[in-house]
Amino acid sequence: MPEPTDLRTICSALEHFCLAAALCSIKDDAFVVWNRAFQKRAGVSEKDLAQAQLTSLLLLDESYGGSVLQDPVLDHVVRFVPCVLKKPVTDELVHGRALRRNDGCLLVMLDLPTGDAAFEGFIQGRFVGREEERNRTRQFFHDILSSKILVASFMPTKYTRG
């Protein structure tokens with residue numbers, strides 16, 4: 001990956017174009033650098049953003065077969081990937097696009113103009129569906145295990161007294 005100061009320059013320059021942008025590392029599951037517009041749009045403090053896991057705030061649609069840029073000489077492949085940022089406090093979904101390199105570097109840009117409302121609905125539905133499935137799974141295990149754990153907690157007292 002390039003020097004961190006070079007990465008800060010990229011995000012800072014994108015802010016001059018009113019783009020909320022962040023550079024991330026998929027391998028490290030972390031945000032590397034971001035501009036003030038991205039931090040403000042994400043709705044978290046700088047410290048929280050630095051400590052946040054990338055996958056806890058950002059959903060990438062890897063199945064999207066969009067545009068690919070490739071440099072055959074340098075063996076660089078860059079894919080345009082739709083993404084959604086979930087604001088942790090309000091659960092608001094912020095749509096964006098990401099440029100993903102084959103080395104795991106990711107440039108995320110939020111609030112880009114879109115032209116495909118159906119696609120945006122698909123991404124939002126997928127994100128919401130994933131959250132609902134997590135909640136369903138939690139509830140399923142809670143319903144099954146909570147009564148058994150309660151019964152098991154009384155078992156030792158029954159045998160020690162009797």
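Throughout, numbering of the chain's residues begins at 1 and tracks the sequence. Treat the numbers as computed from the prediction; the structure is a model and nothing was measured. What you see below is based on every heavy atom in this structure, not just the backbone, and it leaves out hydrogens, waters and symmetry mates.
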With sequence neighbours excluded, tell me which residues meet side chain to side chain donor-acceptor pair (under 3.5 Å) with [X].
X: K27; value: none
X: Q53; value: none
X: S45; value: D48
X: E46; value: none

Taking side chain as C-beta onward, heavy atoms only, is [X] less than 4.5 Å from [Y]?
X: L99; Y: F80; result: yes
X: L107; Y: R101; result: no
X: L106; Y: V81; result: no
X: R97; Y: C83; result: no

**Item:** For F140, side chain to side chain contact (heavy atoms under 4.5 Å, CB included) partners two or more places apart
**Value:**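 With neighbours one apart ignored, the set is I144.
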**Request:** Starting at CG of L60, measure out to CZ of R100 and round the result to the nearest 0.5 Å.
**Result:**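 If I round to the nearest 0.5 Å, the distance is 7.0 Å.
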**Message:** Working note: S25 + L54, criterion side chain to side chain contact (heavy atoms under 4.5 Å, CB included); need CA distance, chi angles, decisive distance, verdict.
**Reply:** CA-CA 8 Å; S25 172; L54 179 66; over 6 Å; no
**Request:** Tell me yes or no: between the side chains of N135 and Q139, is some donor less than 3.5 Å from an acceptor?
**Result:** no
**Message:** For V108 and L85: C-alpha separation, side-chain torsions, deciding distance, then whether side chain to side chain contact (heavy atoms under 4.5 Å, CB included) applies.
**Reply:** CA-CA 10 Å; V108 177; L85 176 83; over 6 Å; no
Suppose we screen for salt bridge (Lys or Arg N to Asp or Glu O under 4.0 Å). Which residues come up paired with [X], at least two apart in sequence or across chains?
X: D91; value: K86
X: R136; value: E133
X: K87; value: E92

**Request:** Determine yes or no for a side-chain-to-main-chain donor-acceptor pair under 3.5 angstrom, with D111 supplying the side chain and A20 the backbone.
**Result:**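 Looks like no, no N/O pair under 3.5 Å.
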**Request:** Could you tell me which non-hydrogen atom of V44 sits nearest to which non-hydrogen atom of P88, and how far apart they are?
**Result:**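 For V44 and P88, the tightest heavy-atom pair comes out as CG1-CG, 3.3 Å.
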